[in-house]
Protein chains: 2
Amino acid sequence: MQEFLAHGYAATSMDRVARAAGVSKATIYSHFKDKADLFAAIMQQLAEHKFATVFDPRDRTALQGDPRATIRTLALKMCAQAECDTRFCEFMRLTIGESGRFPELAQPYVENVAKPFIAALTDYLADQNLFKDPEVAARTLMGAMVYFVTLQEILHGKDSLPLAAERMVEGLVDLILPPSRA
Amino acid sequence: MQEFLAHGYAATSMDRVARAAGVSKATIYSHFKDKADLFAAIMQQLAEHKFATVFDPRDRTALQGDPRATIRTLALKMCAQAECDTRFCEFMRLTIGESGRFPELAQPYVENVAKPFIAALTDYLADQNLFKDPEVAARTLMGAMVYFVTLQEILHGKDSLPLAAERMVEGLVDLILPPSRA
DNA sequence: GTCTATACATCGATAGAC
DNA sequence: GTCTATCGATGTATAGAC
C-alpha cells in the first residue's frame, strides 16, 4: 500500500512491494493473480477503511441538529483531514489519476465514499425543508469542500490562491444556509 | 501528448513517444533533457491552450449581464466540454494523479486555469452585490460544477449516481442565486 | 539535426527446490 | 506456502556515424 501510494501504479515495482512487505515476489503472486489484482485489492481496502475517519455513513448522530453547526463541523473536519492525512491526498490522487485505465478502481470510491455521503447529506438536508432540490444542495456542499481541498492541498494552491479554511467554511454556510432562512 | 494522456507518465515509454512522433528517441533527447522535462513541457502547453474552450479569462463578454443566465450558460458549457472532450478528462486525471510526484506540474493548472477563472468569477459576482463573500461564492460555484463533472465523467459515476447536468445546473443557480434575490 | 545501435538496469511473472 | 534463481521483454539514456 505504501509503495502504490508513494509512486503510483505504473512506477511501483513488484520487487519493491515484496521488499517493503518483507516477503518474496513469488509469495505475492501466490496470493494475487497479478499486479493489477493486488492494486485493486489495496484500493478497495483503502476506500472501505480510510474514509470512516471523516464521515461514517452508519453514524447517524453526525447529521442531526442545527444545520449551520452541523455543516460547519463536517466541512471543517474534511479540511483538517486533508491537511493532516497525507495518505488521504495520495489516495485521491491515485483514484483520480488511474480512473481512466482502471475504471473499476474508481468504483470503490464512488460506492463507498461519494454515494453514501451524498445520500446521507441529501436526507439530512431534505429534513430541514429549506431546499427546493436537496440532492443538488448536498452535491454543492460536498463539491465546494472537495474542490477547495483539491485546490489548496492536492494541487498545492495554498501559496498561489490562499484562502483560510475557516473563511471558506463560514462563507459556504452563510451562502447555502443564510441566517435569515435557518 | 497523446501517449502521456493515454497511458499516464510512468507507463509511457520514450520508444512509443518517438514512434508516435515519427522521429527517433535520440531526436527527442536532443530537444528535451529527459522524460520529465518533455512531460512538463507538454502539460504546460495543454494548460495554456486547451482550456480557452470552456472559458477564456481575457474574454470579458462571457461574464456580464443577468447573473442567473450567465452562470447557467457557463456551467452548462463546462458539462458539455467534459462530456465531449475526452482529452480534457485525461488531462485532469494526469494533473491530479501526478501532482504528488510533480508538484511543479500542478502549477500550470492552478495559475492558468483555476486562478484566472476564480478571479474573474469573483469580480463578476462582487459586481452583483448579492454576496457577503464573493470569492467563497465563486469557489462554491466552480467547486460544485467541477465535482459534479469529476464524479459523473472522470470517476464514471453516471450509472451509479445518475443526475442530469441540466438538473444540477438549474438547481445550483436556484440555490446560489434564488429568483427572489436576483 | 537526425539517425542506428547499444549500454545497462529493471520490469512482471514463473519454474522448481524446500 | 515460501523461497531463490532466472526468463524474456522492455525501460531510459547515450555514443558515434551521417
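In what follows, chains carry the letters A, B, and so on, assigned in the order in which the sequence lines appear, proteins first and then strands, with residues in each chain numbered from 1.
Taking atom CZ of residue F4(B) and atom C1' of nucleotide dT12(D), one finds them 12 Å apart after rounding to whole Å. The separation between H7(B) atom NE2 and dT12(D) atom P is 13 Å, rounded to whole Å. For F32(A) and dG12(C), the CZ to P distance is 15 Å, given to the nearest whole Å. K35(A) has its NZ atom 9 Å from the P atom of dC11(C), to the nearest Å. Straight-line distance from the CE atom of M14(A) to the P atom of dC3(D): 14 Å, rounded to whole Å. Note: CZ (F39(A)) to P (dA13(C)) measures 14 Å, nearest angstrom. Taking atom CZ of R16(B) as the reference point, atom P of dT12(D) lies 9 Å away to the nearest angstrom. As rounded to whole Å, 11 Å separates atom P of dG12(C) from atom CD of E3(A).
Counting only N and O atoms by type, the side chains of T27(B) and S24(B) include a donor and acceptor under 3.5 Å apart. In the model, T70(B) has no side-chain atom that pairs as donor or acceptor with a side-chain atom of Q64(B) under 3.5 Å.
The shortest distance between the side-chain N/O atoms of S24(A) and the OP1/OP2 oxygens of dT2(D) is not below 4.0 Å. Of the side-chain N and O atoms in H31(B), one or more sit less than 4.0 angstrom from OP1 or OP2 of dT2(C).
Sequence order on DNA chain C of the closest nucleotides to S30(B) and A11(A) puts S30(B) first from the 5' end. Residues D15(A) and Y9(B) both approach DNA chain D. Their nearest nucleotides, taken by heavy-atom distance, put D15(A) toward the 5′ side.
From one end of the helix from dG1(C)-dC18(D) to dC18(C)-dG1(D) to the other, with five pairs defining each end axis, the axis direction shifts by 0° (rounded to 10°).
Applying the side chain to side chain contact (heavy atoms under 4.5 Å, CB included) rule to A126(A) yields the partners P134(A); only residues at least two apart in sequence or on another chain are considered. For the side chain to side chain donor-acceptor pair (under 3.5 Å) test, residues two or more places apart in sequence or in another chain that qualify with D174(A) are R68(A), K132(B). Listed by chain and number, the residues in a salt bridge (Lys or Arg N to Asp or Glu O under 4.0 Å) with E153(A) are K158(A) (sequence neighbours excluded). Residues satisfying the side chain to side chain contact (heavy atoms under 4.5 Å, CB included) test with T86(B), not counting sequence neighbours, are none. Applying the side chain to side chain donor-acceptor pair (under 3.5 Å) rule to R19(A) yields no partners; only residues at least two apart in sequence or on another chain are considered. In this view, Q44(B) and E48(B) satisfy the side chain to side chain donor-acceptor pair (under 3.5 Å) rule, not counting sequence neighbours. Scanning for side chain to side chain donor-acceptor pair (under 3.5 Å) contacts around T12(B) gives an empty result, with sequence neighbours left out. Shown here are the side chain to side chain contact (heavy atoms under 4.5 Å, CB included) partners of A137(B), two or more places apart in sequence or in another chain: L175(A), L125(B), F131(B). Scored by the ring pair (Phe, Tyr, Trp, His ring centres under 6.0 Å) test, F39(A) finds F4(A), Y9(A), F102(A) as partners (sequence neighbours excluded).
Only at 4.0 angstrom or more do the heavy atoms of residues 98-105 of chain B sit from any atom of DNA chain C, so none qualifies.
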(message) Walk me through whether E90(B) and R93(B) qualify under salt bridge (charged side-chain N to carboxylate O under 4.0 Å, His left out).
(response) CA-CA 5 Å; E90(B) 287 302 334; R93(B) 288 194 183 104; 2.7 Å; yes
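Among the heavy atoms of the strands lying under 4.0 Å from D34(A) are primed sugar atoms or P, OP1, OP2 only; no base atom is included. Residue contacts shown for S13(B) are limited to sugar-phosphate atoms, with no base heavy atom under 4.0 Å away.
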Measure all distances between protein nitrogen or oxygen atoms and nitrogen or oxygen atoms of nucleotides 14-18 of chain C, and list the pairs falling under 3.5 Å.
none

